[in-house]
Amino acid sequence: IGMKVRPVLSDPEKQRGRSAAVAIAALVIAAGIPLWWKTTETYRAWLPAARISELEALQLELRVEVEVVFARGTLSPEQQKKVPASRITYESCCKSKSLCLVEADHALHTLTETSCGSVVIYIIPEASALLPQDMRVYVGRSRTALLRSQVASVVGAGLPEVLAALDPQMEQVLQTMSFNHQDVTAALTDRLRPGLSTRDSLADSMRAFKSSPGYEITFSLLNPDPKHHQLHWDVEAALDAYIYPLLHKMAPVANFSVDSQILYYAVLGVNPRYDASASAYTLSADSLAHVINPVEARLGSNAASSNPVLNFLLYVPDSLHSPLIIRNDQKQEVASNAFHSPRWGGIMVYNVDGAYGNDTQFPVDIAIDMSRVMGVFLSQLRLMLGFQQTGAPPGFVLEAAGREGVAEWELDRLLWSRSVENVATASASITSLAQLLDQIANIVINDNIAQQVASAVTALQAAVAELEAGNLALALEHSREAISASERAFFDPSLLHLLYFPDDQKFAIYIPLFLPMCVPILLSLLKIFREVQQHRAEKRAKRD
Amino acid sequence: TARPCMLISSSVALDFVLIGRTSAFLLLHQARAERFFRSDHTNNWAVLVCTSRFWFNYRHVANTLSVYRSVKRLGIPDSHIVLMLADDMACNHRNPKPATVFSHKNMELNVYGDDVEVDYRGYEVTVENFLRVLTGRLPPSTPRSKRLLSDDHSNILIYLTGHGGNGFLKFQDSEEISNVELADAFEQMWQKRRYNELLFIIDTCQGASMYERFYSPNLMALASSQVGEDSLSHQPDLAIGVHLMDRYTFYLLEFLEDIHPASQANMNDLFKVCPKSQCVSTPGHRTDLFQRDPGSVLITDFFGSVRKVEITMETINLTVPGIPLERFGGEPHTETALAYVDQLPVAQIIHQKPKQKDWHPPDGFILGLWTLILLVFFRTYGIKHLKHIF
C-alpha cells in the first residue's frame with residue numbers, strides 16, 4: 001500500500017550512533033581546526049617590536065668637542081692661574097704678512113691632535129696683527145679656528161665667566177664649522193613638514209645626492225669634430241692628482257668608482273647663436289636645460305650596481321662653432337664656461353680655437369689643460385657630494401680648500417649632516433617596515449629579515465649613543481651599518497604582498513570545502529543535544 | 001716644507017674681496033632658489049605597461065608605444081623608462097607589416113620606430129614583476145635597465161593599459177591586480193620617498209575604479225572611463241585587420257604631439273583631452289591627493305625631462321706652475337698579458353669518458369606492465385590467492 005517503514009533502532013544502536021557523532025565532532029574540533037590553522041599560517045620570525053616603537057620617538061643629541069686654547073696676552077694673570085695649564089709655545093717669525101696666517105694655521109694644526117668632529121679654537125689677543133683689522137675669526141684648513149677676543153677686559157672673573165663671555169662668539173664659530181639648525185633640518189627634509197626649511201637649504205638638498213653606499217663617477221670627453229681636432233687628455237694622471245685625494249678623504253662616507261670615456265661625433269642638442277660683438281658663439285642660460293637630454297642618451301654606463309651616477313662632461317666645440325661661450329641670465333660671460341645640473345653632474349665647454357691658426361694642417365693635435373678642467377670639475381663634484389657653498393658670516397675668514405679638495409672641517413660638516421640623515425632614514429625605514437608587516441597579516445617574514453632588522457636597530461642605537469658622546473667617526477660608521485641593514489631588510493625580494501584576498505573570495509574558497517563536512521556534524525550534534533534535553537525533561541517530569 | 005700659498009695673494013685685499021663676494025653671492029643664491037621652486041623635481045621616470053597579449057589586443061601595445069614615443073621625444077632617456085609589453089606585435093606572425101606598430105589608420109604613424117627598448121617583454125610582464133618594479137624589491141641580479149631607480153626628487157609617470165574591470169586590471173589573461181594592491185604599492189613607494197610626484201594614467205574599461213583607493217600624498221590620476229563604462233577603441237585598419245588604438249590614448253597622442261620640451265601647457269589642458277563626444281566614455285581624474293594646483297603643473301613636469309641647470313660660479317684654482325702631478329694611487333699597474341680561454345677544447349671532447357648514469361627507479365611503463373600481468377593472474381585464478389601474497 002506504500003506505507004513508509006521507518007527502521008526502528010534499538011537503544012544500544014542509538015547510543016553507538018550518538019557516541020560516533022560526538023567522537024567525530026570532537027576530532028574535528030580538537031584536531032582538525034588546529035591543524036588547519038597551523039598549516040595555513042604564514043611563517044613570521046620575531047621582530048623586536050618594543051625597540052622599534054622606541055625608534056619612533058627618537059631624540060638626537062649632537063655633541064661637539066671643543067678645545068679652547070688661550071694665547072699669551074689674552075688672559076689676565078689671575079685668570080691664567082685658574083686655567084688648567086698645559087702650555088704650548090709657538091713663536092712665529094713671519095717674513096711677510098700674507099704668509100703668516102697660513103703658516104700659523106699649519107703650525108698650530110701640528111701642535112694639537114684633533115679627532116674627527118672636534119674643534120680647536122685659539123683665542124688670540126685683540127691687538128694681534130695676525131688677522132686683518134676687521135676680521136675676528138680665521139678658520140683654517142684643518143679643524144682649528146683663530147678667534148680674536150678681548151677676554152682680559154672681564155676683570156676679576158674666574159674661568160666659567162670667561163668661557164661664558166666667549167660663548168656667543170664660539171657658538172658662531174661652531175655653527176660655521178660643525179653644523180647649525182639649517183643644516184640639520186636640511187638633512188631631515190624628507191621627514192619634516194614642508195615649510196620648516198628655508199629655500200636655500202632646500203635648494204642645497206636638491207642639488208646634492210642623497211646618502212648612498214656608493215657613487216659612480218664618469219668623466220667623458222665629447223669630441224664632435226675628430227677630423228679637425230685630435231684631442232689628448234691625460235685623465236688618469238689628472239684623476240690621481242686632483243680627484244682621488246678628495247675621494248680618499250670621503251672613504252668613510254661612501255665608496256666611489258671612477259671611470260672615463262671619449263665620445264666622438266657627439267653634439268650638443270642646442271644650436272648656439274653667433275654673437276658678432278663677442279665674435280663667438282653663445283649659449284644662453286635658458287637653452288642649457290635642453291642640452292643634457294640628447295647627450296645623456298649617448299652616454300653609456302657600465303654601472304653594475306644601482307648606485308647613483310655622476311657625469312662630468314668636457315665638450316670641445318667643433319671648429320665651425322668655436323669659440324663657444326656660456327652666458328648667464330644677465331647676458332654676462334661665465335668665467336668657468338661650465339654649468340651643472342643637480343643630482344646629475346656637470347658640463348664644461350673647453351675652447352681650443354686659440355691653439356691653432358687658419359692654415360694649419362688638420363687634424364691638429366691638442367693637449368687639454370687638465371688642471372683647469374679639473375678645477376671646474378672638482379668644484380662641481382664638491383657641490384654634488386654635499387659640500388655646500390657656505391657664505392662666510394661677517395667678520396669671518398674661511399680658508400679655501402685648494403688642492404686637497406676639501407678642508408677637514410668641511411668634511412666634518414658633511415659627516416654631521418650625513419650621520420643625521422642616515423639615522424633618520426634608517427629609523428624611518430625600520431618603523432615603516434614594522435608598520436607594514438603589522439598591517440598585512442600574511443606576508444612571510446623570513447629569519448634573515450628579522451636578523452637584518454635586529455642588527456639595524458642595534459646599529460641605530462649605537463649611532464645615537466656615539467652622536468651623544470661626540471665621536472663623529474664611529475657614529476658615521478654605525479649609521480652606515482644601520483642604513484645598509486635597514487635598506488636590505490626593507491627591499492628584500494621576499495617581502496612581496498601578493499596574498500591579498502578580499503573577504504568574499506575567502507568565503508568562496510572555504511565554503512565548498514568545509515560546508516559539506518560541517519553540516520552533517522552540526523545537525524547530528526544539534527539532534528543529540530535536543531534528545532538529551534528531552535531526556536532530562538522526561539526525567540524531571542518522572543521525578544515530580 | 002714649502003707650502004704654496006697661491007690662494008692668499010694679500011691678506012689685506014682678501015677681506016674686500018670676501019665682503020663683495022658675500023653680498024653678490026646672496027643675490028645669486030636667491031635668484032637660483034627662485035628658479036628651483038617652480039617644481040621640486042630633478043629627474044623624471046616613466047613606467048609604461050601593456051598588460052594584454054594576443055593579436056587582437058594590438059591596440060594596447062600601440063597605446064603604450066605611443067606614450068613611450070611621446071615621452072622619449074620630450075626628453076626622458078631610455079635609462080629612465082621602464083617599458084613592459086606583454087606581447088610582441090611588431091614581430092607577430094599575423095602582422096602584415098613586420099617591425100611596425102601603427103597608431104593611425106592608413107599606416108600614417110609608426111610608433112615602433114627604430115630604437116625601442118623594451119625592458120620587460122612577453123611573459124615577464126606579471127603582477128609580481130610590476131609590483132616589484134614599483135616597490136624596488138627586485139632580486140640583486142636584476143640589471144639597471146629593469147629597475148626603477150627613482151629618488152625623493154623624481155617625478156614618475158605611470159601608464160597602464162589593457163582589459164580591466166571594477167577594481168581590477170587583468171594581466172596576461174591569467175591574473176589580475178586589484179586597486180587595493182596598487183594603492184598599497186604606492187604607499188610603500190611614498191614611505192621610502194621613491195617619488196616626489198606621481199601621475200597615474202590608465203586606459204581600460206572602468207578605469208576610474210583603479211584610482212579610487214589611493215591614499216598616499218602627491219598622486220594625480222587620470223582614467224579613460226568611469227565605473228560602469230567601457231573604454232572603446234578608435235578605428236580599425238582594414239589592411240592590418242585589428243583596431244589600432246583606443247580612443248582615449250589616440251586623442252592623448254594627438255595632444256602630446258603638439259607639446260615640445262619648452263611648452264607651457266598645464267594639467268588642466270590634459271584633463272580636457274577626449275571629452276565625451278569623442279571618447280564615448282567619460283574620462284575622469286583625481287587631484288585631491290596632489291599638493292600643487294593642477295593649473296600650475298606643466299605637462300613637461302611628467303612627460304618630459306626638463307633639467308634644472310645652474311651656472312658654475314666657483315672654481316678651484318689648481319694651476320700651479322712647476323709642480324709635477326703626484327701619483328696618488330702608488331705605482332702604476334703592470335700590465336699582465338691576457339689570453340683567451342680555449343673556446344673549443346677539442347681534446348677534452350674527443351677523449352670524453354661516458355658519463356656515469358645514475359640509477360633511476362623503473363619507468364611508469366614497466367610498472368604498468370607488471371600491474372597488468374598481476375591483474376590478469378588474479379582474474380584468472382581467483383581473488384582468494386591475494387591474501388597469500390599480501
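Everything numeric here is computed off the predicted structure, so don't read it as measured data. Throughout, a chain's letter reflects where its sequence line sits, starting with A, and its residues are numbered from 1.
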Item to check | Flag side-chain contact, heavy atom, 4.5 Å: B:T312 against A:V334 | outcome: no
Item to check | Flag for A:S379-B:E314: side-chain donor and acceptor within less than 3.5 Å | outcome: no
Item to check | Listed partners of B:N179 passing side chain to side chain donor-acceptor pair (under 3.5 Å), at least two apart | outcome: none
Next on the checklist: Using 0.5 Å steps for rounding, measure from the CG atom of B:L148 to the OG atom of A:S306.
Outcome noted: 11.5 Å
Checklist entry - With a cut-off of under 6.0 Å to the ring centre and 45° to the axis, is B:R137 in cation-pi contact with A:F490? => result yes
Item to check | Nearest-0.5 Å distance, CD1 of residue B:I316 to CD of residue A:Q380 | outcome: 10.5 Å
Checklist outcome for this item: Smallest heavy-atom separation, A:F339 atom then B:V309 atom, equals CD1-CG1, 3.5 Å
Checklist outcome for this item: Note: vs chain A, highest number of non-hydrogen pairs under 4.5 angstrom among B:D151, B:D115, B:D78 is B:D151
Item to check | chain B contacts, top residue of A:H340, A:M370, A:Q435 (heavy-atom pairs, under 4.5 Å) | outcome: A:H340
Checklist entry - Sub-3.5 Å donor-acceptor pair from the side chain of B:T315 to the main-chain atoms of A:S336, do we have one? => result no
Item to check | Donor-acceptor pair, side chain of B:R307 and main chain of A:N293, under 3.5 angstrom | outcome: no
Item to check | Interface moiety of A:A335 toward chain B, non-hydrogen atoms closer than 4.5 Å | outcome: neither
Next on the checklist: What I want to check is whether the side chains of B:K308 and A:S341 have a donor and an acceptor closer together than 3.5 Å.
Outcome noted: no
Next on the checklist: If we ignore hydrogens and angles and just use 3.5 Å, is the side chain of A:R343 paired with the main-chain N or O of B:N43 as donor and acceptor?
Outcome noted: no
Next on the checklist: Within the 4.5 Å heavy-atom criterion, are A:L436 and B:Q188 side-chain neighbours or not?
Outcome noted: yes
Checklist entry - By a 4.5 Å heavy-atom criterion (distance strictly below it), what part of B:L149 contacts chain A: side chain, backbone, both, or neither? => result side chain
Item to check | Note, B:K192 side chain near A:E487 side chain (heavy atom, < 4.5 Å) | outcome: yes
Next on the checklist: As an exercise, state the distance from CZ of A:F209 to OG1 of B:T42, rounded to the nearest 0.5 Å.
Outcome noted: 8.0 Å
Checklist entry - Which residue out of B:P143, B:G136, B:G304 racks up the most heavy-atom pairs below 4.5 Å with chain A? => result B:G136
Checklist outcome for this item: The interface call for A:H290 against chain B, heavy-atom contacts under 4.5 Å, is side chain
Next on the checklist: Nearest 0.5 Å, please: how far is CG in A:L495 from OG1 in B:T135?
Outcome noted: 9.5 Å
Item to check | Which atom of A:P493 lies closest to which atom of B:P139, heavy atoms considered | outcome: CG-CA, 3.8 Å
Next on the checklist: Measuring only between side-chain heavy atoms, which start at C-beta, is A:L433 closer than 4.5 Å to B:Q191?
Outcome noted: no
Checklist entry - With distance as the sole test, does B:R144 use its side chain to make a donor-acceptor pair with the main-chain N or O of A:N307 at under 3.5 Å? => result yes
Item to check | Atom pair CG (A:N328) and CD1 (B:I311), whose distance is rounded to the nearest 0.5 Å | outcome: 6.0 Å
Item to check | Under 4.5 Å from any heavy atom of chain B - which part of A:I326 | outcome: side chain
Next on the checklist: Under 4.5 Å from any heavy atom of chain B, what part of A:I292 do you find: side chain, backbone, both or neither?
Outcome noted: side chain
